[in-house]
Number of protein chains: 2
Amino acid sequence: MTTASKTIKPQRHSRASGRVTIVDVAHMAKVSPMTVSRALKTPALVQQAARDRIAVAIQQLGYVPNQAASTLASAKSQVIGVIVPSLSNAVFVETLHGIRDSLDQHGYKFLIGESHYSPDKESQLISTFLTQAPDGFLLSGIEQQESLRHQLATNNIPAVRMFDLSPNRNDMTVGFSQKKAGYSMARHLIERGYRRPGFLGAQLDPRMMKRRAGFRKALADAGMDSGIEVLTAAPSTVELGAKLLGQLLQQTPDCDAVFCCNDDLALGVLFECQRRGISVPGQLAIAGFNNLPWSAHANPGITTIVTPRYDIGFTAAHLLIKRLKREPIEKARIDLGFELAIRAST
Amino acid sequence: MTTASKTIKPQRHSRASGRVTIVDVAHMAKVSPMTVSRALKTPALVQQAARDRIAVAIQQLGYVPNQAASTLASAKSQVIGVIVPSLSNAVFVETLHGIRDSLDQHGYKFLIGESHYSPDKESQLISTFLTQAPDGFLLSGIEQQESLRHQLATNNIPAVRMFDLSPNRNDMTVGFSQKKAGYSMARHLIERGYRRPGFLGAQLDPRMMKRRAGFRKALADAGMDSGIEVLTAAPSTVELGAKLLGQLLQQTPDCDAVFCCNDDLALGVLFECQRRGISVPGQLAIAGFNNLPWSAHANPGITTIVTPRYDIGFTAAHLLIKRLKREPIEKARIDLGFELAIRAST
DNA sequence: CTGAAAGCGCTTACAG
DNA sequence: CTGAAAGCGCTTACAG
C-alpha cells in the first residue's frame, strides 16, 4: 500500500479525519476544489468534461459534502426551524408533511420543535434552534412573546406564522379565520333547528378561544343563549370528550347540540352518548373541528370543519422560501379558508 | 461612535458576518477564546472568576454558539438521525417523545425522517442525513438494506434498531417480540372460547407479518383454522378497517372474532359492526394492537396489546448515547415486552 | 487553570 | 470557465 507512507511522519496538530473531502475529489478529477464546489452548486458554470470527471470521482470516492463546513463558510444553513404545538395531534403532522414537500423541492431541511402550546417553551426552542443558524422559522399561531419577535428581528431571521391570520399586514401569515369557522358551525346548528347548542373546549389556546368567540357571536347574533359551555385547560383527548359531555349535561340537561373544539373530543362525546343511550343526532347533535381522517367514518359520521392544514404547511414554507430568495411577495397574508362538512351527526 | 473606524479600511476578502463570536466574548471577559470554549463545555476546568466574567459577557453580547463551527472543528455534530415509518401513526410519535426526553438530557438534537415503510426511502434518508454528519442513528425495524448497513459501517456510525429484536447478538436492538405478541392475542381469543378467529392485516410491513405469524401459529398449535384473514398493503386507517371487515365477513361469515394488526383498523371494524347491527363481542369479538390513547374509551373498550413505544424510544436513545460515550454496554439486545389489555370487546 | 497555533472542509470574493 | 488566497467560528493537541 503506497498510501502507508502518508502516515509515516504525522504532523503535529494533525487531525486527519479520514473523511473524503472536496479536495480528494478535486485531485482525482484534476480540477481545483473550487470547481468541485461549483459543479455541486451551480453546474451550469462548469464545463461538461470537468463535470463528468467530478461526477465519477464523487462516485468512486463516496464523497458526501460536509454541511457544517458549508454552513460555516456561507453563513447559510439551509435549515428551517419549525415549531408546532404538538405532534400528538394529527393536524400538525399533516402540516409538517406539507412543509416537507415544499422544502424538499428547494433543498431545505427542517428542525421540528413542540411547544405544547406554551409561549415560554416556544421561545426556549427558538433559542436552542438558533445555534443551528436556521435561515428562517415557521411558527404556529400569531401570539409570540415580544422577546421572541425581538430575537428574530435582531438576528434578521424571517418567520412565517401558520394557522391564523395576523392583523399586522407586515407579518407573513398563512391560515384561516378561526373565528369565522366557529361562527359557521354555530350558524349551521342554528339553521338545522337546534336551540340549545353548547361548546366544549380544551387546551384553551388562542386559536381555540377564537373558535369559541365566533361560535358565541353567532348565537348572540341570533338572540340565543351563548353561555352553554364547559372549558378546561387539559389537552383534548377522546377520554376527555366523554368526561366533558358528562359535565355539560349535568349543567345544561336540555342542551341539544354540542360543538367540540376538535374531533378527538367529538369522538369521546359520541362514545359517551352510545354508553348513555343518547341517540345522535336525535337527542344530541355532535360537531367537531378539523376533519380528522376517521371523522367521516364514525357512526354516525361527524359534522366538522375541514381545515387546510397540509396546504397551510406547504404554502407557509413556500412563502418563506420566496422571502429567503428575495423574490417578490404579492401577499404576505394568505387566507386559505375552511369548509363545513355536514354529516349525519347533526 | 468609535467603532465606526473599524469600517474605514475594509480588508479584501473580508466577510465579517456581524455575528457575535467566541472571540468577542473572550475580549470582553479578558480571557482567550479557548477559555470561553472550556467555560461552555467543561466549566470545571475554568476558574470561577473567569467563568463569572464569561457568563456576564455572553449575557451582555447575546452570544449564541455556532454549532456549524463546533461540528466542523470537533467532528461531532451532536445530532442523531432518527428514522420512523410514519408520523401519522401515534405510536411513532410517542417513540419520538421517548427519544427526545432521553436525548435532551445529554445535549443531543435529532433529525426525523419518515420511511413510509420503504427500505429504499430509508436508505435515501440516511444518505441525506449523512450530510449533517450525525453521530448515530436510531432506526425502525431490523430489516435494513445491505447497502445501508455497509454505509453505516464504513462511516463508523453506530445505530440502534427499534421495535423488534435482532437475532444477531451484535446488533443493538430495543423492542419486543412481535411474534409472541401475536401469539398471545390468539391464545386469549382461544381461551375466551372463540372458535373462528380471523386476522386483518394492512401495510404488510415485516413487524406486522411477525404478529400475523405468531397469531397463526397459536391457532395451528390449537388445531384450529389459521387461514381466516384479509391482507392488504394499503396503510391502515379507520376507513380501511370497515372495508376489510366487509371482505372478511363475506369470505368467512361464521368468523366470531377478529384480530386487527392495529387499533385504527379495530376502530373501523367497531364502527362497521355498529352500522351493520353486529353486536360486539356477542356476535363478533374485536381485538387491536398498540393501545392507542382512545382504545380504552371506545364503546365497548377494545382489547389490545399494550406496546412500550415511549420506553423503546427512551431506552434506544439511551443505549446509543452509552455507545457514543464509549461506556460499557451490558446488553445490546433489550426486550421491553408487551402486555395484553383485556377489555369488553372480547 | 490558561493560551497560541493549527486545522476542520467548505465558500466568498477576486482575478484571470 | 477556472483557481489561489483568505476566512467562516469553533476545537484539538500541545505546552506551559
Side-chain angles (χ1 to χ4, degrees), chain A residues 10-27 29-54 58 61-78 107 130-133 135 155, chain B residues 10-27 29-54 58 61-78 107 130-133 135 155:
Chain A
Q11 299 292 310
R12 191 165 84 87
H13 290 150
S14 162
R15 278 190 276 162
S17 66
R19 183 169 180 157
V20 176
T21 73
I22 209 169
V23 175
D24 300 315
V25 174
H27 280 158
K30 314 275 186 213
V31 292
S32 73
M34 199 47 239
T35 299
V36 176
S37 178
R38 282 197 192 92
L40 259 20
K41 305 290 173 190
T42 50
L45 300 182
V46 178
Q47 176 179 267
Q48 186 64 50
R51 246 148 69 189
D52 292 344
R53 272 178 285 130
I54 290 167
I58 286 174
L61 298 169
Y63 170 68
V64 176
N66 183 328
Q67 180 62 46
S70 172
T71 297
L72 183 58
S74 70
K76 283 184 202 125
S77 62
Q78 298 287 98
L130 246 25
T131 65
Q132 309 283 349
D135 295 337
N155 291 283
Chain B
Q11 300 292 310
R12 193 165 83 87
H13 290 152
S14 162
R15 277 190 278 162
S17 64
R19 185 169 177 154
V20 176
T21 73
I22 208 170
V23 175
D24 300 317
V25 174
H27 280 158
K30 315 274 185 212
V31 292
S32 72
M34 198 49 240
T35 299
V36 175
S37 177
R38 281 197 193 93
L40 258 20
K41 305 290 174 189
T42 50
L45 299 182
V46 177
Q47 176 182 267
Q48 186 64 51
R51 245 149 69 189
D52 292 344
R53 272 178 285 129
I54 289 167
I58 286 174
L61 297 169
Y63 170 69
V64 176
N66 183 327
Q67 180 62 44
S70 172
T71 298
L72 183 58
S74 70
K76 282 182 203 127
S77 63
Q78 298 286 97
L130 245 24
T131 280
Q132 310 282 351
D135 294 338
N155 291 283

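Protein chains get the first letters and strands the later ones, always in sequence-line order, with residue 1 at the start of each.
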- Task: Take atom CG of A:L72 and atom P of C:dG7, then tell me their distance rounded to the nearest Å.
- Result: 17 Å
- Task: State the NE2-OG1 distance between A:H27 and A:T21, to the nearest 0.5 angstrom.
- Result: 8.5 Å
- Item | Any pair counted as side chain to side chain donor-acceptor pair (under 3.5 Å), so long as it reaches residues 44-53 of chain A, sequence neighbours left out | A:Q48-A:R51, A:Q48-A:D52
- Return the set of residues passing side-chain contact (heavy atoms from CB on, under 4.5 Å) with B:L40 (not counting sequence neighbours), or none when no residue passes. B:V36, B:I58, B:Y63
- Please list residues of residues 43-54 of chain A whose heavy atoms come under 4.0 Å from any atom in DNA chain D, ordered by number; otherwise none. A:A44, A:L45, A:V46, A:Q47, A:A50
- Task: Please tell me which of the listed nucleotides, D:dG3, C:dG3, C:dT11, lies nearest to the side chain of A:A73?
- Result: C:dT11
- Task: Select from A:A68 and A:K76 the residue whose nearest nucleotide in DNA chain C is closer to the 5' end of that strand.
- Result: A:A68
- Note on the structure: Note on DNA chain C: ranges paired as stems (three or more Watson-Crick/G-U pairs in a row, both atom distances under 3.5 Å) are C:1-3 with D:14-16, C:5-12 with D:5-12, C:14-16 with D:1-3
- Query: Of the nucleotides D:dG9, C:dC10, D:dG3, which one has an atom closest to the side chain of B:T21?
  - Reply: D:dG9
- Item | Sequence-distant partners of B:L45, side-chain contact (heavy atoms from CB on, under 4.5 Å), two or more places apart | B:R38, B:T42
- Counting side-chain heavy atoms from C-beta on, which of D:dG9, C:dG9, C:dT11 comes nearest to A:K41? C:dT11
- Task: May I ask you to say what A:V23 touches in the nucleic acid, namely base, sugar-phosphate or nothing, with a heavy-atom cut-off under 4.0 Å?
- Result: nothing
- Message: Taking side chain to side chain donor-acceptor pair (under 3.5 Å) as the definition, give me every residue that meets it alongside A:S70, ordered by chain and number, with sequence neighbours left out.
- Response: none
- Message: Heavy-atom nearest nucleotide on DNA chain D for A:R38 versus B:R38: which residue maps closer to 5'?
- Response: A:R38
